[in-house]
Amino acid sequence: MPILMSDITQKGYEKKRSKLLQAYLPHTQDYICPSVFAVGAERRIPVTPSSSSSSSSRYQRRRSTGTRDERYRSDVHSEAVQAALERHSERKMTVLLPSKRQSLVGQTSMDTYTPPDSSSGSDAEGSLGRAGGVSVDSWISRALHGSPSTSSSSSSHSNSSANAARLAETNSLTAPPDITSYMPDPAPISVQRPQVTMITRPLPKYGNAELMETGDGVPVSSRVSAKIQQLVNTLKRPKRRPLREFFVEDFEELLEVQQPDPSLPRPEGVESTPIQGEELDGLKNCPASLEAALLRWGAIAPKAPCLTTTHSNAKQPYTLTYGKLWSKSLKLAYNLLHKLGSKQEPIIHPGDRVALVYPNNDPAAFMVAFYGCLLAEVVPVPIEVPLTKKDAGSQQIGFLLGSCGVAVALTSDACHKGLPKSASGDVMQFKGWPKLLWVLTDSKHLSKPPREWFPLIKDANNDTAYIEYKTCKDGSVSHITNDITRPMYIHTILMSCSENFLFILSFICMHVFSVRPQEGSSKPAGQGVLSMTNLSHGVIRVDTGEKLSVLTLQDVGTAMPGAMVCVVKLEGVPQLCKTDEIGEICVSSVATGTSYYGLSGMSKNTFEVCPVACDGGFVSDCVFVRSGLLGFVGPGGMIFISGTLEGLMQVGGRKHSADDIIATALAVEPMKFIYRGRTVVFSVNVLYDERIVLVAEQRPDSTEEESYQWMSRVLQAIDGIHQVGVYCLALVPANTLPKTPLGGIHLSETKQLFLEGALHPSSILMCPHSCITNLPKPRQKQPEVGPASVMVGNLVAGKRMAQASGRDLSHMEDNDIFAFLFLSEVLQWRAQTTPEHILYTLINSRGAIGSSLTCLQLHKRAEKIATLLYERGQLRDGDHVALVYPPGLDLIAAFYGCLYAGCIPITVRPPHPQNISTTLPTVKMILEVSRSVCVMTTQAISKLLKSRDASVAVDFKSWPPILETDDLPKRRCSLLYKPCDPDTLAYLDFSVSTTGMLAGVKMSHNATSALCRSVKLQCELYPSREVAVCLDPYCGLGFVLWCLCSVYAGQQSVLISPMDLEVNPALWLQSVSQFKVRDTFCSYSVMELCTRSLSSLTDSLKARGMDLTRVRSCVVVAEERPRVALTQSFCKLFKDVGLHPRAVSTAFGCRVNLAVCLQGTSGPDPTTVYVDMRALRHDRVRLVERGSPHSLPLMESGKILPGVRIIIANPETKGPIGDSHLGEIWVHSPQNASGYFTVFGEENVRSDHFGARLSFGDTQTLWARTGYLGFLRRTDLTDANGERHDALYVVGALDEVMELRGMKYHPIDIETSIIRAHRNITECAVFTWTNLLVVVVELDGSEQDALDLVPMVTNVVLEEHYLIVGVVVVVDTGVIPINSRGEKQRMHLRDGFLADQLDPIYVAYNM
């Protein structure tokens, strides 16, 4: 763990670190030799302060039980952990408790838990006190630098708010140095942005949270911001030095072999040699097989006891004699062969496999069934008893039975009654199991065999005697076959060895490979105290018992008689290890298993191993079997076991045992917080390395704060003893982890639940900052290269400069409409020439025509509105008028009325009646920034503005005069206004960007006419055409298509309000089908609503006559990167109703130019390319194949409009770049906006944003900077004029680029990965604050699932983007703000989060 000190220098940190770790570092370390081990009981190191007799009895009790949990009961380990924590007491570790909603805290109360079985606890738990422990209150106060801990609940924040305020006062909220990189901060991208005057406004309320004071958009006294600042201060302190081997992004470089660190410990001993067991005598007098042995003892000693068992319900123990065993087995064998099925078609034949399903407390019945199968010449397959239909691992057991061809299951009457039954009374069909015939083996259910029937007693051979199974690390089941020779060999060993020998059994390969003497025998026991740090490198070094990070090992004896044991390397060729090296123990004996059933490849690698020496020669002619046990051969041929291969975790090049990690965790006050024996440790692969995960069942009486303090102490203990970080530590409610039939925790099922996000923890602590040490190298800033050098370098390399243009307007044919410079003149001309031609048709929410406007009707209505402005408004030429209308025809008439009167219109979205307190201040702000002197609206909206609810948000007296247009004057305007200069202002276009900036651009009459002309030519719009528009009509290209293009080009526009789609989601597509429209425009929000709401209704829509086969152009209008996944889903969904995928395309516009690209009708089909996402982070464009790792699909943003020139420039140097680089899109066009409209003027902004010049090359042309990053690609397709098509690909907004670790990230890429991480994530947004990555996810599910999202989000961001998530915020659906264009307002979300206004379900601070 990091040494958390305030204001400590690197030199002071190293000095302090060496002082603290001096006691842990061994002064002298020797590799293994016979003299360093304590041999004999008199030289054993005392493990506890208690007497030697108690130690001996405890040791014998621990050795005799043989359960997996017994290794956790090491008093030496407990004392070492407590001593380590005591020495770490001076180390301050900041614990940031997560923020939980009160409902989530209440649902995890003690009443909701079911106390587990008391047998899982330990009698010695109460004695495991914390040696030299510190009280919780004092520890917390030191951890928080003298301030009390913050509350974990968002509802109770009286004390936490005060603490956060004090912390915020002491810690300035200015951005601290970059803590996520190992180099100085790179210079930020310097792009001058419009200095739009922002009126102070209250932040919107999220949920039920109260508003808090903020300064400059960043909260000053927020609990959330204080916690983040605390996390930042923690991470700024010195951390563990990262590994030398940084991950590099190029796969070819990954294959290079890294140079080993010479300072790492290495084995220095000589090569080990196999050890041979004693000679085996007495084989001649042994029975030839188990059946022969049973026959012999059943005849010679029929009354001799064979098995004695006790049961909790029985008063007297039950004794099974050899005679009873023989008679019962004989009876069962006869019934299996002759009573199942018919004589002509028996169910069981010799050699078939039969399942044995018996409980552990009935060994006598199991023994009878086992020997009955041997006498019947069938192969028994023992399995555990399934208790429920959803038992952990039951599906794998079913795979075992199915692959072995098992059709019959033997069980006892008592066990059969306890099996889950169906409604018919039969045993329930378990998931994945084959259909079984259940046979009861009790004597009352069996027939007596005739006297003349006698089974065939075979001699020992290599036929399969029985099949065992083992569960692998990944949860799969492998079947191990054992021949008849093995049990006879073990019987011979039993006969030849004295009664003082204890057998060591390997549960991996199911064989006995060593025996050891007990107390009082001639061979003494050996014990070694080894350095755990060196063991993690696979090296054996002897240490002293006073050290904390040591492991005490007891030998398990020598090799079995007649067996040969050796130790081989874990990886690669099975080469013999050195004497001071840890390896896998292999054994050569006839008592081992023979193969994996049906897995010849695995059998050869496990059961047919040929160890080799350093010279490459084979060690022996015999084949060895891998045991799956890790260890070494000590002095005197003693075998030492240090762990299992399945419990081995390799983290950062070092190997750690899961059992040792559990032992360390259980030594930290386990009786107070978790259950002993209910803890599992496993590793997950994240970012090309294994990460340690610890999961435990939490006691219901422990509070959340105590649990997190315990988890922090566990992290300290594991780091101090094992020098490894824990990636995730999760506590789950009692009795919720999947269990094995024996009552233990099912490891593979628990790991699978964690990986699937279905673990449902009650407390979780992620620590990626401390254990992820192989992040990519931060990008290093290269020496400044001038733009001229870049251009010359591209030319020399054969790269094409990234520039393109649309069709030249000067070569277009003359048209009557092109002679007009003003839209007002065009409307007057159409009213005279085609007065009855319908320009606009408005569709209501029911799909019927609500109203329409002809050319003459629109002209007359505009004249009356101009009269209203002159007479009632007393307005003059150039006055600004705000048009606050719902989407409809009134908005269009009011706009042209303003043009007739010479006023400057500003379209404003009306406030929402259901959320007027939040939306009305935005309307007021636009009016003030635009300097509107009058408001035109309908009577209904005017009443809404004057309502009591509106007066609470905005004082009605502050509003400018309001003119209602429901009752217009009957007299026409006598004189219509005609501008004298086409460069004068026509209207203002206001919108809120994704960064939360409200900006209004000035559109001149010349730019407006040029924009309409380009759209008309690109889309081939004529008066005979019909176009369906379902867009937001207040800004951007949506306003142009809704209000302007029909008047200029003359086509009939079918208008559908996006608000009506909330009532009738099929309204847009039904209107397109009803009017047989060939061209339609929509937004991504409309497309997403249709995809989500109509996904299951396509058949009914088709039955009602929806037909989209006539659609040739469906254009999505957006100011963002095209959403490829949504577009593909939309095309696939509505393909059944005739929509062709080629018809769907996208358009691109921005603030400086409302329409840069538009697909049109005659251009080539839109293309999609796949680029390397990692290259984009370095501003490089590298095309890859579809499906390649880290590939990102990018869809073309449409064909460049006529009269538009595009060049890709470096946003910093302002120099042109090649088409293989990512840069800012610059536009030169007559339809560019004139500039930003602000109260204080925009001369400085306009000169840079709307009048930028290249620093090299064409330095005379004035360009407009779009603020979007993209690149150009010349495709193989041809345009209508026969030239090759230049495709523009938009990557993202420059203002939203997050520069982390010297690399550039786009939020949409990270958000796309997060949405795929878990099925309950419906939407997400990311942003940065003080160089920390904050992720906000919307949860579509129970609040209890909120904690499952934290590791899933952290994993996917690490895997795909190499970034560490600092904060994960889980909120309800609909919390993430989205504007009318469907774009996420990430900066508004950030302000709401820092002001604690989101009312989150859960907030996790990754340490």
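Scope of the values below: all heavy atoms of this structure, side chains included, with no hydrogens, waters or symmetry mates.
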(request) With sequence neighbours excluded, tell me which residues meet side chain to side chain contact (heavy atoms under 4.5 Å, CB included) with Ala1155. (result) Leu1011, Leu1037, Leu1201, Gln1231
(message) Please check this pair: side chain of Asn1232 against backbone of Phe1250, looking for a donor-acceptor N/O pair closer than 3.5 Å.
(response) no
(message) Using a 3.5 Å distance criterion without hydrogens, assess whether the side chain of His1140 forms a donor-acceptor pair with backbone atoms of Arg1142.
(response) yes
(message) Are the side chains of Pro1211 and Leu1294 in contact, using a 4.5 Å heavy-atom criterion?
(response) yes
(message) If I compare all heavy atoms of Glu1120 with all of Tyr1268, which pair ends up nearest, and what's the gap?
(response) CA-CE2, 4.3 Å
(request) Check the pair Arg1253, Gln1260 against side-chain contact (heavy atoms from CB on, under 4.5 Å), reporting the backbone distance first and the verdict last. (result) CA-CA 7 Å; Arg1253 298 178 186 269; Gln1260 301 302 320; 4.3 Å; yes
(message) Looking only at the side chains, is there a donor atom on one of Asp1107 and Thr1109 sitting less than 3.5 Å from an acceptor on the other?
(response) yes
(request) Using modelled atom types only, decide if a donor and an acceptor are shared between the side chain of Arg830 and the backbone of Val1047 within a distance under 3.5 Å. (result) yes
(request) Determine yes or no for a side-chain-to-main-chain donor-acceptor pair under 3.5 angstrom, with Ser824 supplying the side chain and Tyr900 the backbone. (result) no
(message) Below 30° counts as parallel, above 60° as perpendicular, anything between as tilted: where do the rings of Tyr987 and Phe1039 land?
(response) tilted
(request) Could you point out which residue of Val1054, Asp890, Ile1056, Leu889 forms a side-chain contact (heavy atoms from CB on, under 4.5 Å) with Leu842? (result) Leu889
(message) If I take atom CG from residue Leu1017 and atom CG from residue Leu1158, how far apart are they, to the nearest 0.5 angstrom?
(response) 11.5 Å
(request) Evaluate the side-chain proximity of Thr1146 to Tyr1084: yes if any heavy-atom separation is below 4.5 Å, no if none is. (result) yes
(message) Does any part of the side chain of Tyr1034, heavy atoms only, come nearer than 4.5 Å to the side chain of Pro887, both counted from C-beta?
(response) yes
(message) Under a 3.5 Å cutoff, is there a donor and acceptor pairing between the side chains of Thr1167 and Glu1196?
(response) yes
(message) Within this structure, what is the CG-OG distance for the pair Leu821 and Ser1009, rounded to the nearest 0.5 Å?
(response) 6.5 Å
(request) Using atom types as modelled and distance alone, determine if a side-chain donor or acceptor of Asn844 lies under 3.5 Å from a backbone N or O of Gly847. (result) yes
(request) Test Ile906 against every option in Asp989, Val881, Leu988 by the side-chain contact (heavy atoms from CB on, under 4.5 Å) rule and name the one that passes. (result) Leu988
(request) Any chance you could measure Leu1139, atom CG, to Ser1073, atom OG, to the nearest 0.5 Å? (result) 11.5 Å
(request) Establish, from distance only, whether the side-chain atoms of Thr907 and Tyr885 form a donor-acceptor pair under 3.5 Å. (result) no
(request) Grab the two heavy atoms, one from Pro1193 and one from Thr1168, that are nearest each other, plus how far apart they are. (result) CB-CG2, 4.4 Å
(request) Any chance you could lay out the side-chain contact (heavy atoms from CB on, under 4.5 Å) test for Ile1207 and Met801, step after step, and finish with the verdict? (result) CA-CA 8 Å; Ile1207 192 169; Met801 300 308 296; over 6 Å; no
(message) Quick check: do Arg1123 and Glu1088 have side-chain heavy atoms less than 4.5 Å from each other?
(response) yes
(message) Between Leu1192 and Val1291, is there a side-chain heavy-atom distance shorter than 4.5 Å?
(response) no
(request) Answer with yes or no whether the side chains of Tyr896 and His859 bring together a donor and an acceptor at under 3.5 Å. (result) no
(message) Test your reading of the model: is there a side-chain donor-acceptor pair from Thr1008 to the backbone of Ser1004, 3.5 Å cut-off?
(response) yes
(message) Can you give me the closest heavy-atom contact between Val1290 and Arg1121, atom names plus distance?
(response) O-CG, 3.2 Å
(message) Please find the pair of heavy atoms, one from Phe990 and one from Cys1035, that lie closest to each other, and give the distance.
(response) O-CB, 3.4 Å
(request) Would you check if the side chain of Ser1145 reaches a backbone N or O of Gly1198 as a donor-acceptor pair within less than 3.5 Å? (result) no
(request) Kindly say whether Lys1199 contributes a backbone atom to a donor-acceptor pair with the side chain of Gln1018 at under 3.5 angstrom? (result) yes
(request) Taking all heavy atoms of Arg861 and all of Ala893, pick out the closest pair and write down the distance. (result) CD-CB, 3.7 Å
(message) Counting only heavy atoms from other residues, nucleotides and ligands, does the tally under 6.0 Å from CZ of Arg1274 exceed 12?
(response) yes
(message) So Leu883 and Cys898, do their side chains get closer than 4.5 Å, heavy atoms only?
(response) yes
(message) Do Ile1225 and Ile1208 make a side-chain contact, defined as non-hydrogen atoms from C-beta onward lying under 4.5 Å apart?
(response) yes
(message) Apply side-chain contact (heavy atoms from CB on, under 4.5 Å) to residues Glu1224 and Asn1210 and explain how you reach the verdict.
(response) CA-CA 6 Å; Glu1224 186 181 9; Asn1210 190 310; over 6 Å; no
(request) May I have the step-by-step check of side-chain contact (heavy atoms from CB on, under 4.5 Å) for Asn1153 and Thr1266, ending in yes or no? (result) CA-CA 7 Å; Asn1153 192 316; Thr1266 63; 5.8 Å; no
(request) Measure from the side-chain N and O atoms of Arg1273 to the backbone N and O of Val1169, and report whether any donor-acceptor pair falls under 3.5 Å. (result) no
(request) Might you point out which heavy atoms bring Tyr840 and Leu1055 nearest each other, and give the distance in Å? (result) CD2-CD1, 3.8 Å
(message) So, taking the atom named CD1 in Ile865 and the one named CZ in Phe895, what distance separates them when rounded to the nearest 0.5 Å?
(response) 12.0 Å
(request) Would you confirm whether His1005, through its side chain, and Pro979, through its main-chain N or O, come within 3.5 Å as a donor-acceptor pair? (result) no
(request) Tell me yes or no: between the side chains of Gln1159 and Ser1113, is some donor less than 3.5 Å from an acceptor? (result) no
(message) I'd like to check Cys1043 versus Ile892 (side-chain heavy atoms, cut-off strictly below 4.5 Å). Are they in contact?
(response) yes
